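Okay, so here's the structure we're looking at.
Treat the numbers as computed from the prediction; the structure is a model and nothing was measured. Every chain is numbered from 1, with letters handed out A, B, ... down the list of sequences.
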Amino acid sequence: MPELPEVETIANGLHKRVAGERIESVWVGNKPEPLKSSAAEIARTLEGARVDGVRRVGKHIVFDLQQGNRNGRGQTVSQWIVHLGMTGRMLVAAPDTEIPKHTHLIARLASGRELRFVDPRRFGRLEVRHSGFNGPGAEPLTISAEDFAHLFRKRAAPIKALLLNQSLLHGVGNIYADESLFRAGVRPRRRANTLTRTELARLHVAVREVLKEAIAAGGSSVSDYVDADGEEGLFQLQHRAYGREGQPCLVCKTKIKKIVVAGRGTHYCPRCQK
DNA sequence: ATACCGACCTGTCAGC
DNA sequence: TGCTGACAGGTCGGTA
């Protein structure tokens with residue numbers, strides 16, 4: 001479900017709510033799919049740790065943890081890394097509230113509240129690490145125009161497939177790939193190595209603008225996305241391509257087309273995008 | 001090395 | 001009402 005803007009919104013909300021909290025105990029469910037580290041290692045790493053902060057890296061939520069006594073030596077730093085997949089949620093809840101179906105982890109906090117990971121489709125992943133995590137690819141919000149162009153210049157795959165490839169650029173998913181290509185005026189099926197310098201430059205700007213505007217709007221709520229406070233995002237109201245098949249292009253009135261690229265539903269304007 | 005495609009899961013919705 | 005199939009914001013592994 002969530003792409004960079006949604007994960008950023010969620011991570012910021014979680015940071016506000018749980019930074020500085022200590023995790024007292026952890027319950028891990030028995031479904032193996034969400035666990036990239038063993039249940040025992042996750043529990044061992046989280047229990048007793050203090051949450052220094054919560055941030056986003058690519059589409060991952062990173063909880064920076066510190067174990068051990070507050071000021072003494074012997075402190076170790078770890079990270080709890082959460083990927084929400086398509087349907088994952090990370091909720092901060094009062095302990096007496098109903099535990100939703102498909103809850104796979106509960107971290108009980110010193111304040112009495114609980115951090116709950118809920119994921120019906122189990123495409124999400126939970127992992128702990130003991131060394132720095134930088135994500136699989138480059139950060140779209142900070143990459144230079146030159147480095148951005150380098151990622152794509154020599155590749156033969158459709159540009160949309162490469163925008164979705166997290167080991168190149170991490171954070172862009174299906175919605176923001178379509179929205180970025182629309183703004184850049186580039187067709188999703190164009191082979192990346194046929195894009196001109198100008199088109200790559202436009203795409204670089206488009207990706208950053210789309211992501212920044214979406215973050216400002218709190219992300220896109222297409223079906224059920226809500227942030228850490230249970231608020232829906234508003235960026236779906238500003239989509240120009242995604243989900244608009246058959247509707248008139250907002251620029252030229254041509255009907256938006258829907259095709260499949262890289263196995264994903266793909267929306268574009270046949271007139272504005274070349 | 002690179003690119004495509006099915007598999008992984010559950011929920012929802014359209015169509016019959 | 002209830003069934004079936006398609007589809008969904010993501011990624012991985014096998015195959016060509």
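- On a pure distance criterion of 3.5 Å, no polar donor-acceptor pair joins the side chain of A:R122 and the base of B:dC9.
- Between A:D119 atom CG and B:dG11 atom P there is a gap of 11 Å when expressed in whole angstrom units.
- Under a 4.0 Å N-O distance rule, the pair A:E127/A:R129 qualifies as a salt bridge.
- For the OP1/OP2 pair of C:dG10 and a distance below 4.0 Å, the side-chain nitrogens and oxygens of A:Q166 include no atom meeting the criterion.
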Which atoms of nucleotides 3-6 of chain B (N or O only) lie under 3.5 Å from a protein N or O atom, and what are those distances?
unit_1, atom_1, unit_2, atom_2, d
B:dA3, OP1, A:A156, N, 3.2
B:dA3, OP1, A:A157, N, 2.9
B:dA3, OP2, A:R155, NH2, 3.0

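- Salt bridge present: A:R116 and A:E114 bring a charged side-chain N and a carboxylate O closer than 4.0 Å.
- Listed nucleotides C:dG9, C:dA8, B:dT10 differ in distance to A:H102; the shortest reach to its side chain belongs to B:dT10.
- A donor-acceptor contact shorter than 3.5 Å is absent between the side chain of A:R240 and the backbone of A:D178.
- Phosphate contact (OP1/OP2 of B:dC9, side-chain N/O of A:K31, threshold under 4.0 Å): absent.
- Pairing of B:dC9, defined by two Watson-Crick or G-U wobble distances under 3.5 Å, is not identified with any nucleotide.
- Of the charged side-chain nitrogens involved, none lies within less than 4.0 Å of a carboxylate oxygen, so that A:R153 and A:E146 do not count as a salt-bridged pair.
- At B:dT10, none of the side-chain N or O atoms of A:K101 fall inside 4.0 Å of OP1 or OP2 (strictly under the cut-off).
- For A:E3, the side-chain atoms get nearest to C:dG9 when compared with the rest of B:dG11, C:dT11, C:dG9.
- Each of A:K212, A:R55, A:R56 was compared with A:E8 under the side-chain hydrogen bond (donor to acceptor under 3.5 Å, both in side chains) criterion, and only A:R56 meets it.
- To the nearest angstrom, P of C:dT11 lies 12 Å from CG of A:L169.
- Of the P atoms belonging to B:dC9 and C:dC3, the separation is 24 Å, rounded to the nearest Å.
- Rounding to whole angstrom units, NZ of residue A:K160 and C1' of C:dG10 are separated by 12 Å.
- Ring geometry for A:Y242 against A:H239 counts as perpendicular: the plane angle is over 60°, on a 0 to 90° scale with 30° as the lower cut.
- Comparing the same atom, P, in C:dC7 and in B:dC5 gives a spacing of 15 Å after rounding to whole Å.
- Using atom P as the reference point in both C:dG5 and B:dA7, the two lie 15 Å apart (nearest Å).
- Separating the CZ atom of A:R121 from the P atom of B:dT12 is a distance of 12 Å, rounded to the nearest angstrom.
- As rounded to the nearest Å, B:dA1 and C:dT11 have P atoms that lie 22 Å from one another.
- Lacking a ring centre under 5.5 Å from that of the base six-membered ring together with a plane angle below 30°, A:F123 does not count as stacked on C:dT11.
- Protein atom CG of A:L164 is 7 Å distant from nucleotide atom P of C:dG10, rounded to whole Å.
- Atom CZ in A:R264 sits roughly 13 Å away from atom P in C:dC12 (whole-Å rounding).
- Rounded to whole angstrom, the span from the NZ atom of A:K258 across to the C1' atom of C:dA6 amounts to 10 Å.
- With both ends at atom C1', the span from B:dA3 to C:dG9 equals 23 Å, rounded to whole Å.
- Within 4.0 Å of A:Y176, counting heavy atoms only, lies no atom of the nucleic acid at all.
- Contact annotation: the side chain of A:H267 never approaches that of A:Q247 to less than 4.5 Å [non-hydrogen atoms, C-beta and beyond].
- Remark: C:dG9 base-pairs with no nucleotide; criterion is Watson-Crick or G-U wobble with both hydrogen-bond distances under 3.5 Å.
- Separating the CD atom of A:E127 from the C1' atom of C:dG10 is a distance of 16 Å, rounded to the nearest angstrom.
- With no hydrogens or angles considered, no side-chain donor-acceptor pair links A:Q236 and A:S221 at under 3.5 Å.
- In this pair, A:F133 and A:H60 present their aromatic rings perpendicular. The plane angle is above 60°, beyond the 30 to 60° band.
- No engagement by A:K154 is indicated, since no non-hydrogen atom pair under 4.0 Å with the nucleic acid exists.
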